[in-house]
*Asks:* 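If you scroll down you'll find the structure; I have some questions about it.
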Amino acid sequence: MIPPHLKYMSARMRGDVPAFWRYWTLVHRILAVNILPILFVALGILWLDAYRNQLRDERVDRLASDAAAAAMASAEVPMDQRIDLLAALGSAEQARLRIYGPDGNLVADSWDGAAPTYELQDPATQRWTKKAARIIDAGFNALVAAPPIEPFAEPTRDRAAAWPEIAAARRAGDVVTRVREAPDRTPVFSAAVPTPRGGTLLATANDRDYTDQVRRQRSTLAMLLGAALAIGIALSLFLARTIARPLRRIALAAHRVRTGRSRQVNVPRLPRRHDEVGALARAVSDMSTALQERIDKIEAFAADVSHELKNPLASLRSAVDSLERVDDPRVRARLLDVVRQDVIRLDRLISDIAEAARTDGELTRAQLEPVPLDDLARHLIRAWEERRETGNARFSLTTQGNGPFIVFGEPMRLARAIDNLIDNAVSFSPARGRIALNLSRAGAMIRLTITDDGPGVPEDERDAIFHRFHSHRPDKREFGRHSGLGLAIARAIVEGHDGDIMVCDRDDEAEGACFTILLPGWEGA
């Protein structure tokens with residue numbers, strides 16, 4: 001049964017994504033989705049902080065200019081008209097203008113000639129929305145690491161000494177500004193400027209419009225950040241769709257392969273995906289194809305084994321049955337010889353079948369190491385010469401070009417592959433035939449050729465001879481001595497080492513076969 005979480009998957013589902021998205025790796029996509037909202041927030045905070053600072057500087061500069069103009073104007077009018085002038089200027093600029101004499105005493109106040117231009121609010125009497133806004137203000141200041149602002153309070157005795165900016169202005173002889181904070185966290189801007197007659201003019205303004213304007217911009221920014229968050233959520237869902245959906249398709253296909261339905265499964269390859277999901281899909285598809293090929297080979301191998309075992313068993317059974325009914329010693333001797341040959345044939349066949357069955361598995365677990373092919377070939381030739389059961393075949397080994405002829409592989413497996421080719425050459429060579437091994441380099445590959453003086457291999461048989469249980473032997477005297485697995489085992493070993501094996505005509509155009517093995521040279525050589 002298909003698991004419940006895979007049932008809703010249908011054949012109409014696609015793993016495709018928009019073109020601009022296809023070449024992004026999953027790491028890039030995840031980073032983009034997660035960084036985008038954070039980037040918007042960071043840029044928004046930086047912009048709002050810069051906007052607030054710029055607005056504050058503009059307000060302070062404007063108050064300083066107004067204070068300087070008021071100081072110049074106050075020096076041009078008589079004393080009895082000064083308060084009216086300050087009242088008019090203060091009402092126009094929504095500021096409180098005060099003049100202190102050279103002795104530090106207050107000599108004129110715009111609020112004495114007109115209504116107050118601002119009123120400091122008591123936070124305890126304001127609505128909860130204002131309190132929430134002040135909490136957000138404090139959080140924003142902490143976020144941008146804004147320096148603390150000095151609280152503002154009217155002095156109990158209004159003299160020049162109560163205002164540090166007045167003393168600074170007198171020392172500098174120029175306008176000095178200061179920013180303080182009212183109890184409700186609205187700014188109080190002040191500007192002190194010396195007057196031509198030795199006094200000092202102080203302008204103060206509780207600019208509540210500045211705070212409202214900053215908070216409005218912050219609200220607008222909050223809406224934009226909310227939109228960015230919505231976009232981030234949408235991108236996250238899109239990312240989940242482009243990752244989870246194809247993964248479910250792959251999981252469903254893998255489940256069907258696991259349940260033995262691999263012949264009916266079309267594992268999605270997602271050729272348009274160039275990210276990790278596409279690589280996974282193609283890897284799973286290739287794995288499924290390789291698994292199916294392996295299963296097909298195992299099934300074919302099992303059928304071939306059954307067929308190959310039946311022939312010697314049938315011959316053996318016939319000979320054994322005949323022994324019970326034959327009294328002639330010569331006939332019984334021939335039957336016993338048939339039994340002996342069939343047993344030898346079965347023994348060799350079973351050994352080769354076992355060798356062929358475990359070759360692939362052993363290659364995947366083998367510990368690879370540098371193998372000098374010239375030394376390996378000399379050792380094998382020496383072993384064959386010591387047997388002296390091969391019709392006294394003559395062996396030779398030559399090398400062309402500069403060595404070393406070292407490959408990276410499993411020595412025992414490589415020895416078996418070369419030995420099988422030598423055995424094949426010996427079996428086809430006439431008595432005193434010459435079997436020549438030659439080592440050379442072909443670029444990054446190492447070539448080993450094995451030639452013999454036998455009848456050669458017809459062109460239409462040169463691929464088939466590497467198939468299991470295939471044996472092309474015109475001379476039937478060798479029938480039963482070979483299982484037809486030697487060359488198949490040799491090819492499996494060579495291909496397991498990322499090499500290639502082939503058969504062709506001899507270069508010298510003489511009669512005989514030429515088997516060639518190509519193996520990658522060891523990079524450390």
Side-chain angles (χ1 to χ4, degrees), residues 52-123 147-214:
R52 182 179 65 173
N53 293 337
Q54 181 182 0
L55 183 63
R56 180 188 61 205
D57 293 342
E58 290 176 355
R59 297 296 175 90
V60 171
D61 291 343
R62 187 176 69 183
L63 182 63
S65 299
D66 293 341
M72 295 295 296
S74 65
E76 302 296 330
V77 299
M79 182 64 68
D80 57 348
Q81 298 178 10
R82 188 174 297 176
I83 293 178
D84 293 336
L85 175 64
L86 294 179
L89 294 175
S91 298
E93 299 299 332
Q94 292 296 301
R96 183 179 183 180
L97 303 177
R98 285 172 273 197
I99 297 178
Y100 297 88
D103 57 356
N105 292 321
L106 179 66
V107 297
D109 188 347
S110 63
W111 282 9
D112 291 339
T117 53
Y118 61 83
E119 180 182 358
L120 301 180
Q121 300 290 324
D122 183 3
I149 301 177
E150 176 187 355
F152 177 82
E154 287 289 343
T156 55
R157 187 180 179 187
D158 195 357
R159 290 180 52 84
W163 303 96
E165 57 265 47
I166 291 180
R170 287 178 175 177
R171 288 193 303 269
D174 200 358
V175 180
V176 174
T177 61
R178 202 171 186 122
V179 179
R180 297 181 178 87
E181 194 173 65
D184 63 346
R185 304 187 74 90
T186 57
V188 177
F189 303 131
S190 63
V193 56
T195 62
R197 297 180 180 179
T200 307
L201 184 141
L202 175 69
T204 58
N206 181 214
D207 197 342
R208 307 182 65 82
D209 179 64
Y210 162 83
T211 303
D212 293 339
Q213 194 167 344
V214 171

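What you see is a predicted model; the values in this text were computed from it and never measured. Atom set for the values below is all heavy atoms of this structure, side chains included, hydrogens, waters and symmetry mates excluded.
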*Asks:* Just how far is it from atom CZ of Arg98 to atom CD1 of Ile166, taken to the nearest 0.5 Å?
*Replies:* 8.0 Å
*Asks:* Does Asp207 use its side chain to pair, donor to acceptor, with the backbone of Phe189 at less than 3.5 Å?
*Replies:* no
*Asks:* CG of Leu97 to CG of Leu201: how many Å apart, nearest 0.5 Å?
*Replies:* 5.5 Å
*Asks:* Listed by chain and number, what are the side-chain contact (heavy atoms from CB on, under 4.5 Å) partners of Asp112, not counting sequence neighbours?
*Replies:* Ile83, Asp109
*Asks:* Of all heavy-atom pairs between Arg82 and Ile99, which one has the smallest distance, and what is that distance?
*Replies:* CD-CD1, 3.5 Å
*Asks:* Looking only at heavy atoms, what is the nearest atom pair of Ala95 and Leu63, with distance?
*Replies:* CB-CD1, 4.1 Å
*Asks:* Apply salt bridge (charged side-chain N to carboxylate O under 4.0 Å, His left out) to Glu165 and list each qualifying residue two or more places apart in sequence or on a separate chain.
*Replies:* Arg180
*Asks:* Looking at residues at least two apart in the chain, or sitting in another chain, which of them share a side-chain contact (heavy atoms from CB on, under 4.5 Å) with Asp122?
*Replies:* Ala124, Thr125
*Asks:* Can you tell me how far CG of Leu55 sits from OH of Tyr210, rounded to the nearest 0.5 angstrom?
*Replies:* 6.0 Å
*Asks:* With Asp184, which residues qualify under side-chain contact (heavy atoms from CB on, under 4.5 Å), at least two apart?
*Replies:* Gln121, Pro123, Gln126, Arg134, Ala182, Thr186, Arg208
*Asks:* Identify which one of Asp158, Asn105, Thr200 satisfies the side-chain hydrogen bond (donor to acceptor under 3.5 Å, both in side chains) criterion when paired with Tyr100.
*Replies:* Asp158
*Asks:* Can you pull out every ring pair (Phe, Tyr, Trp, His ring centres under 6.0 Å) where at least one residue sits in residues 75-97? Sequence neighbours excluded, please.
*Replies:* none
*Asks:* Restricting to non-hydrogen atoms, name the atom on Gly101 and the atom on Val107 that form the minimum distance, rounded to 0.1 Å.
*Replies:* N-CG1, 3.9 Å
*Asks:* Can you sort out the partners of Asn53 under side-chain contact (heavy atoms from CB on, under 4.5 Å), two or more places apart, ordered by chain and number?
*Replies:* Asp49, Arg56
*Asks:* How would you list, by chain and number, every residue that makes a salt bridge (charged side-chain N to carboxylate O under 4.0 Å, His left out) with Asp174, sequence neighbours excluded?
*Replies:* none
*Asks:* Compare all side-chain heavy atoms of Glu181 with those of Pro151 and state whether any distance is below 4.5 angstrom.
*Replies:* no
*Asks:* Which residues satisfy the side-chain hydrogen bond (donor to acceptor under 3.5 Å, both in side chains) test with Asp57, sequence neighbours excluded?
*Replies:* none
*Asks:* I'd like a table of donor-acceptor pairs (distance under 3.5 Å, sequence neighbours excluded) in which one partner is a side-chain atom from residues 84-94, with atom names and distances.
*Replies:*
from	atom 1	to	atom 2	distance (Å)
Ser91	OG	Ala87	O	2.9
Gln94	NE2	Ser91	O	3.0

*Asks:* List for me each residue that meets salt bridge (charged side-chain N to carboxylate O under 4.0 Å, His left out) alongside Glu76, sequence neighbours excluded, and say none if there are none.
*Replies:* none
*Asks:* I would like to know whether Gln213 and Arg52 meet side-chain contact (heavy atoms from CB on, under 4.5 Å); could you show each step before the answer?
*Replies:* CA-CA 9 Å; Gln213 194 167 344; Arg52 182 179 65 173; over 6 Å; no
*Asks:* Which pair of heavy atoms, one from Thr177 and one from Ala191, lies closest together, and at what distance?
*Replies:* CG2-CB, 4.0 Å
*Asks:* Which residues pass the side-chain hydrogen bond (donor to acceptor under 3.5 Å, both in side chains) test with Tyr118, sequence neighbours left out?
*Replies:* Thr204
*Asks:* May I ask you to test the Phe152-Pro183 pair for a side-chain heavy-atom distance under 4.5 Å?
*Replies:* no
*Asks:* Got a sec, which residues hit salt bridge (charged side-chain N to carboxylate O under 4.0 Å, His left out) with Arg159, two or more places apart in sequence or on another chain?
*Replies:* none
*Asks:* Just wondering, do Pro196 and Met72 contact through their side chains at under 4.5 Å, heavy atoms?
*Replies:* yes
